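One structure is given below, encoded as structure tokens.
None of these values were measured; they are calculated from a predicted model. Throughout, a chain's letter reflects where its sequence line sits, starting with A, and its residues are numbered from 1.
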Protein chains: 2
Amino acid sequence: MSSNTSGGPTRRERMRAETIGEIKASAQRQLLEHGPGGVSLRAIAREVGVSPAALYRYFDSLDSLLVELCCDFYDELIDETRRAMDAAGGEECHLDRMKAWIWSFRSWAVANRRKFELMINIPEGAAALGLSLDIRRLSWEDLPPVTRKSMEHAQQCGAELAAYYHQRNDDEALGFAALEPPELSDGLQRELREKCGALIIGEELPLTWVYSFVSGWVRVFGLVTMEAFGSLPVQENIEEFYKAQVLSMMKDFGIEP
Amino acid sequence: MSSNTSGGPTRRERMRAETIGEIKASAQRQLLEHGPGGVSLRAIAREVGVSPAALYRYFDSLDSLLVELCCDFYDELIDETRRAMDAAGGEECHLDRMKAWIWSFRSWAVANRRKFELMINIPEGAAALGLSLDIRRLSWEDLPPVTRKSMEHAQQCGAELAAYYHQRNDDEALGFAALEPPELSDGLQRELREKCGALIIGEELPLTWVYSFVSGWVRVFGLVTMEAFGSLPVQENIEEFYKAQVLSMMKDFGIEP
DNA sequence: TAATTATAGTGAACGGCGTTAGCTAAATAT
DNA sequence: ATATTTAGCTAACGCCGTTCACTATAATTA
């Protein structure tokens, strides 16, 4: 007597989904209160009103529960970033959309320090972009889920850069704009183009653009993690400092506002 | 019957110091093998050949043992950096000494990922520079020990920047060299000067220099942490990429090699 | 409808953990 | 020689993640 004949999810499937939701909600509460490492299966079981062993019907282990949480957080981040980018302007506003990406990344990470901590410390997630080497030989579907989400997030920005590049390239009056890198060996050039170009940005761009992208990526990553971990020297005027840093970056890239 | 009459440490003090050494050594072994979080008091006790409770004669808790380990690691890092800087050149070579600082920081962090992980994740250590606000009202001796060490490390580089500034300032032929920041509010200007200037660099420098220093600091921190956590896009030609980044930074600051 | 199978749940146990309390023996100090 | 400080012990408390054997209950099949 399954309701599957009417197409929708089974009654059991609904119950199961709801239970999973409760478990995750409880785990998230504990994460927000005690930080990663303060999340305990037994405490979750107590809160949900079930025996500890029962949780193993829903998750393989505490770790895999945390990984799933992590993926959810990436989805949150990606959604919010998408919204912020769309609010910044539609087509032809790629520069503003990139700024919106940076800014919403920062705000989300700061407003959700604990979640962000977890995302950074999750082993497979941290090695997200670093795995690029093996990534090339792996199909997208077989990547560790956190890695995939993390790349999805990076690509939001990379795609915008590519669009911006084409926009400037089509309009001959604008010409090119990118940081001129020092002389680079063939090996590094290839690595930059293959990994960062094809994987992050999604298509092949000139070396100057790829180098600029990676340089900017490192700066933004540094800013966001330092602020989230509380090790940014500036503390009272952080927002302004951020904006100044973005302006400096653009100036370095030869982009005037 | 204490050997204290002859000035040296007591027999008991020697024993105690040796035991502390054994404990730390065992803890470090576990850290290197299993990462932070994989260090257990009971396992240490087993390895040292003593009951778990006995360890509490030497350390207040597992956490404080980890904090002490952390301080030792900072000493290691600071020592190695000092060596590298001295090897890079004596007086008048401040630029090379700063490069050496960056480079040895990077190599140490990569060669000692596990230790570096611990240093980053130790709560009070991470908030090192971020605490600057309260730091101003605290005497140096009362700072959390990890914070002090971390600042000591940063100051190694900051002092060099100050010396470089004076060198260029004295020699009128060279003039100034620093990144021109965008227009900054009075509040941010004061914060930069007070916290980063007085605290990191050790003396007051022009705003352009302080801004350049903090900008560079963020970039280096981003690079080092990303590489240590394996999330740097470039993987095969990291060293060259690093050197390129340093060159780009210098170029941005208006410093030609 | 009756028999069967898949699923969500239980309780008890294993081995691990950090930490505390109370005790003993040895080393030091008086 | 006596008193005191110190290093060590055992045992226990209350956590933890995880596994195992077992039971109802819901869904499927004959």
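Nearest nucleotide to the B:Arg12 side chain, out of D:dT5, C:dT19, D:dG17: D:dT5.
Residue contacts for A:Tyr58: at a heavy-atom cut-off of 4.0 Å it reaches the sugar-phosphate backbone alone, with no base atom in range. Using a 4.0 Å heavy-atom cutoff across all strands shown, B:Ser61 reaches sugar-phosphate atoms only and no base atom. If you check every strand for non-hydrogen atoms under 4.0 Å, A:Val39 touches sugar and phosphate atoms only.
Rounded to whole angstrom, the span from the CD atom of B:Glu13 across to the P atom of D:dT5 amounts to 16 Å. What separates NE2 of A:His34 from P of D:dC16 is a distance of 11 Å, to the nearest Å. Rounded to a whole Å, the CD1 atom of B:Ile23 is 15 Å from the C1' atom of C:dG18. For B:Phe59 and D:dT6, the CZ to C1' distance is 17 Å, given to the nearest whole Å. The distance between atom CG of B:Asp63 and atom C1' of C:dC17, rounded to the nearest whole Å, is 13 Å. Distance, B:Asp60 CG to C:dG18 P: 15 Å, rounded to whole Å. In this structure, the CD1 atom of A:Ile44 is 8 Å from the P atom of D:dG17, given to the nearest Å. B:Leu55 places its CG atom 13 Å from the P atom of C:dT20, with the value rounded to the nearest Å.
An OP1 or OP2 oxygen of D:dT6 is reached within less than 4.0 angstrom by no side-chain nitrogen or oxygen of B:Arg16.
The existence of a salt bridge linking B:Arg106 and B:Glu239 is confirmed by a sub-4.0 Å separation between a basic side-chain nitrogen and an acidic carboxylate oxygen. Of the charged side-chain nitrogens involved, at least one lies within less than 4.0 Å of a carboxylate oxygen, so that A:Glu47 and A:Arg29 count as a salt-bridged pair. Salt-bridge annotation for A:Lys195 and B:Glu236: present, with a side-chain N of the basic residue lying under 4.0 Å from a carboxylate O of the acidic one.
Side-chain contact annotation: A:Gln30 with A:Ser40, donor-acceptor N/O pair under 3.5 Å absent.
When each of B:Arg12, B:Glu13, B:Arg14 is paired with B:Thr10, the side-chain hydrogen bond (donor to acceptor under 3.5 Å, both in side chains) condition holds for B:Glu13 and for no other.
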- request: For each nucleotide in nucleotides 9-15 of chain D, reading 5' to 3', give B when a protein heavy atom comes within less than 4.0 Å of its base, S when such contact involves only the sugar-phosphate, and - otherwise.
  value: BB-B---
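Looking at B:Ile44 and B:Leu65, their side chains come closer than 4.5 Å, going by heavy atoms from C-beta outward. Counting heavy atoms from C-beta on, the side chains of A:Lys115 and A:Glu76 come closer than 4.5 Å.
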